[in-house]
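One structure below.
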Amino acid sequence: RNSSVSIFVLPGVDSSKLLTDPDVFDAVDSSFETIGAGKQRLYFADFASYFHRERGEKTPKSRNLSNIFDLIDRDGFGSISKLDLVSALQRDSSVSDFVLPGVDCSSLMSDQKSFDALEDLWMSITGGKSRMSFSDFETHFRSCAIEKTPKSRRCRDIFDRIDVDGQGCISKLKFLTAMQHLPEVDEFILPGTDSSQMMNNEWSFDAVDAMFDTIAAGKKRINYCDFERYFKSTGIPKPAPSPVVDRSRKRVLIIGPGFGREMNPRQGYIIQQCGYQVHWVSNIPNPEMPNFPVDPYLGNVMSEIERFKPDAIACASKGGVYVVGLWRKGLWKGPTLMINAHPACQQLPQGVRVVLAHGANDEVYPASREELEALVETGTPGLCYLYYTANSGQVSPGLYTREGDMHNMESLLLRDTLPRLLDGLLSPLSAEEHIVRTWRDRLSEARLSSELWLGYTPQRLRRLWASTGHHGRDHSKTFEVSRDSEEFEHIVTVFKAMPRETPAYLLYPPQEWDRISVLRIERVENGFQDENCVRPYYESLRKSFQEQSQDFEPGVHTCWAFHGAERSSIDSIVTNQVVGFQPLATGSRNSSVWGSGAYFARDAQYVAGSHFCGQPAADGTRQMLMCLLIMGMPCLGDPEQRGVLPFRQKPHRYNSSVDFLSSPEVFIVQHSGAAVPAYVITFR
């Protein structure tokens, strides 16, 4: 369309022939892929970075960085070694003043503090590489440059207050001391908390200790670049992704009979298409009759096992009898996926990782949830996982919000469920932990990015508070969020986001949901709820995880969700000085669906479309709450659950419940401290 764009991006290529000339199209496509580094959309940063790098177009700041780098890179290699940097720092004051201001580089090789400063700098820029490129150099000093803004000046001031001896770095001891004795430092780093008594308060001490580790990112000292980078960013690291299972290197042996290679081939097809190496055992009969004599055919299965050397075995339906035979004879002790619990399976083997998948409406092998849970408990704790799809309670006679699988287990074919169950089986984590961690993957990148900015802990939310001293003790508990603010933008992104896959409860088609407008956002700041209800619960949950030898990870074990209610109920939740939500009361009208508790939806469109927000006001507006849930480890909900959830690892119970184990869209919490009402959103 625009020749000036064409000439700039692809000089010498006639882009007007883009849609008629395959060579031109390939050139444009290749250029896009190169600039975007594989992403689906280009941002200005991608565009500018690429053309600055490729064509040497530099701003005055870039030219200054380039000049300094050239003084270090005297041989013109385009990259520098640590020795190059040491030599330049010692011989050229312009380099040392720029790279290590305030450090006497003339004594670099004789003064331990000076050399440590150099070591910290090198590690910060290169991440441990042996050479530093100009791109590394530029990226670092652009991010560390102290911009002349009030926020930057405040960062510098706080850093200097902690670094009382002017060494240019902060040890953990310095950090703890400053947090304990300097209220202005405490307020800046952990707004709304009082760390002065941390030596007598384990929760407070652990919070300060964890904050140092987060800012330092594993180092023993925090330099100013670390400090400023943290407080310019979200201040909380992204939840770690699940350990990647290299499917191309993993072998899955499928027991052919019962897996439906001919009659229902989709399950096997999905396993093959997702990247696993697959081998079918087909030289065994279909065990149709009851009490089928399986032992004479186990040798055939073992021959295939010895030849293929699988990492896991998968079976389904009638094929389960072969796996039960292998277990009984002690012939297979590797990871096993069993789809449909075969009646012959009365006990799981010890020390074997097993994922058992079964639906509430299995018409071939009917089994109750209680029977299946009892079967899983016969295996080794932590190694066995029940993927069960249940019927919700009836919202009216014969009407369910969700229905469990029948024998063919259709849910395994959706939302990458079957490959994820196999990944969980082969992951260093437990299958249950792996599945919970992959729930985030159902969300859009835009939503995840905005959630990360907002934060995943109650403590992190308080940095945005506007109440006096960030304490949340003002008479008013709500503060309007400016429409021009970054905070407003991120909240709207989460509110409007649709998941990657079509949701089970799609009540607003995307084109209709796009027409919904957010008119007003109010931030909830209730310090009494936070200190007396949320914080004690958060701490008790964290300790429970420790006792189960599991890390409690914000963003995995906490999440953002939405709650609809009448305006009077929202006002009560927001202003109550003891508790916000009262799960045994607020969830009473839904208790027949997934059990007692306060109900929350992953997607705002579900809340709006379900009319949980009550009647619109005279101007047509409605309201809902956007909440941070401290969900811990959830189990599948059950209409019969009445506030007490099943045991996970005795004496520890599950902490919340959901409507679906593969990709939950409804969360139910049973404790008042498990839901933080963060924002009131008015929309129309």
Side-chain angles (χ1 to χ4, degrees), residues 100-104 111-121 123-124 143-237 455-473 527 530-531 535 538-539 542 554:
L100 284 175
V103 176
D104 181 8
D111 181 74
Q112 186 65 50
K113 291 181 181 178
S114 299
F115 190 80
D116 286 346
L118 168 67
E119 285 287 298
D120 286 343
L121 177 71
M123 181 60 68
S124 179
S143 67
C144 287
I146 303 173
E147 300 170 8
K148 301 304 181 181
T149 64
K151 185 174 182 179
S152 293
R153 287 195 293 271
R154 181 65 172 154
C155 275
R156 181 83 250 184
D157 178 59
I158 293 296
F159 182 87
D160 290 342
R161 286 174 180 267
I162 304 172
D163 182 27
V164 289
D165 53 10
Q167 289 187 342
C169 61
I170 300 170
S171 67
K172 183 173 283 190
L173 180 59
K174 278 187 190 177
F175 189 82
L176 294 171
T177 301
M179 291 291 287
Q180 183 181 9
H181 297 293
L182 300 176
E184 67 275 21
V185 172
D186 186 23
E187 184 62 29
F188 179 85
I189 292 174
L190 288 176
T193 65
D194 180 5
S195 302
S196 63
Q197 300 301 313
M198 67 179 181
M199 301 310 294
N200 300 314
N201 185 307
E202 184 180 346
W203 189 94
S204 179
F205 183 91
D206 287 350
V208 175
D209 186 68
M211 179 61 79
F212 178 92
D213 291 340
T214 300
I215 300 172
K219 298 188 297 184
K220 293 184 178 180
R221 298 284 192 277
I222 297 172
N223 59 38
Y224 181 73
C225 293
D226 302 324
F227 193 78
E228 187 181 39
R229 186 183 300 114
Y230 175 86
F231 286 104
K232 280 189 173 182
S233 69
T234 64
I236 185 168
Y456 289 114
T457 66
Q459 176 182 298
R460 183 64 185 157
L461 290 181
R462 291 186 74 150
R463 83 191 192 282
L464 301 167
W465 283 15
S467 52
T468 306
H470 300 283
H471 294 310
R473 299 192 177 189
D530 182 62
E531 293 160 18
R535 193 180 299 180
Y538 188 94
E539 175 61 13
R542 192 178 65 83

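Residue numbers count from 1 along this sequence.
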Practice item. Mind telling me whether Phe212 and Phe175 have parallel, tilted or perpendicular rings, with 30° and 60° as the class edges? Key: perpendicular
What's the shortest heavy-atom distance between [X] and [Y], and which atoms?
X      : Y      : value
Arg161 : Leu182 : O-CD1, 3.8 Å
Gly472 : Ser467 : N-OG, 2.9 Å
Asp209 : Leu176 : N-CD2, 4.5 Å

Checking [X] now: which residues fulfil side chain to side chain contact (heavy atoms under 4.5 Å, CB included) with it, not counting sequence neighbours?
X      : result
Asn200 : Gln197
Lys220 : none
Thr177 : Leu173, His181

Flag, side chain of [X] to backbone of [Y], donor-acceptor distance under 3.5 Å:
X      : Y      : result
Arg463 : Arg460 : yes
Ser171 : Lys174 : yes
Asp163 : Gly168 : yes

[Y] side chain reached by [X] side chain, heavy atoms, under 4.5 Å:
X      : Y      : answer
Ile162 : Asp160 : no
Arg473 : Glu531 : yes
Leu100 : Leu121 : yes

Got a second to check how far [X]'s [atom1] is from [Y]'s [atom2], nearest 0.5 Å?
X      : Y      : atom1 : atom2 : result
Glu119 : Ser114 : CD    : OG    : 12.5 Å
Glu228 : Asn223 : CD    : CG    : 11.0 Å
Ser195 : Phe205 : OG    : CZ    : 11.0 Å
Met198 : Asp186 : CE    : CG    : 8.5 Å

Review point. Could you go step by step and tell me if Lys172 and Asp213 meet the side-chain contact (heavy atoms from CB on, under 4.5 Å) rule?
Key: CA-CA 9 Å; Lys172 183 173 283 190; Asp213 291 340; 3.0 Å; yes
**Study point:** Residue pair Phe227, Ile189: steps toward the side-chain contact (heavy atoms from CB on, under 4.5 Å) verdict
**Key:** CA-CA 10 Å; Phe227 193 78; Ile189 292 174; 4.2 Å; yes
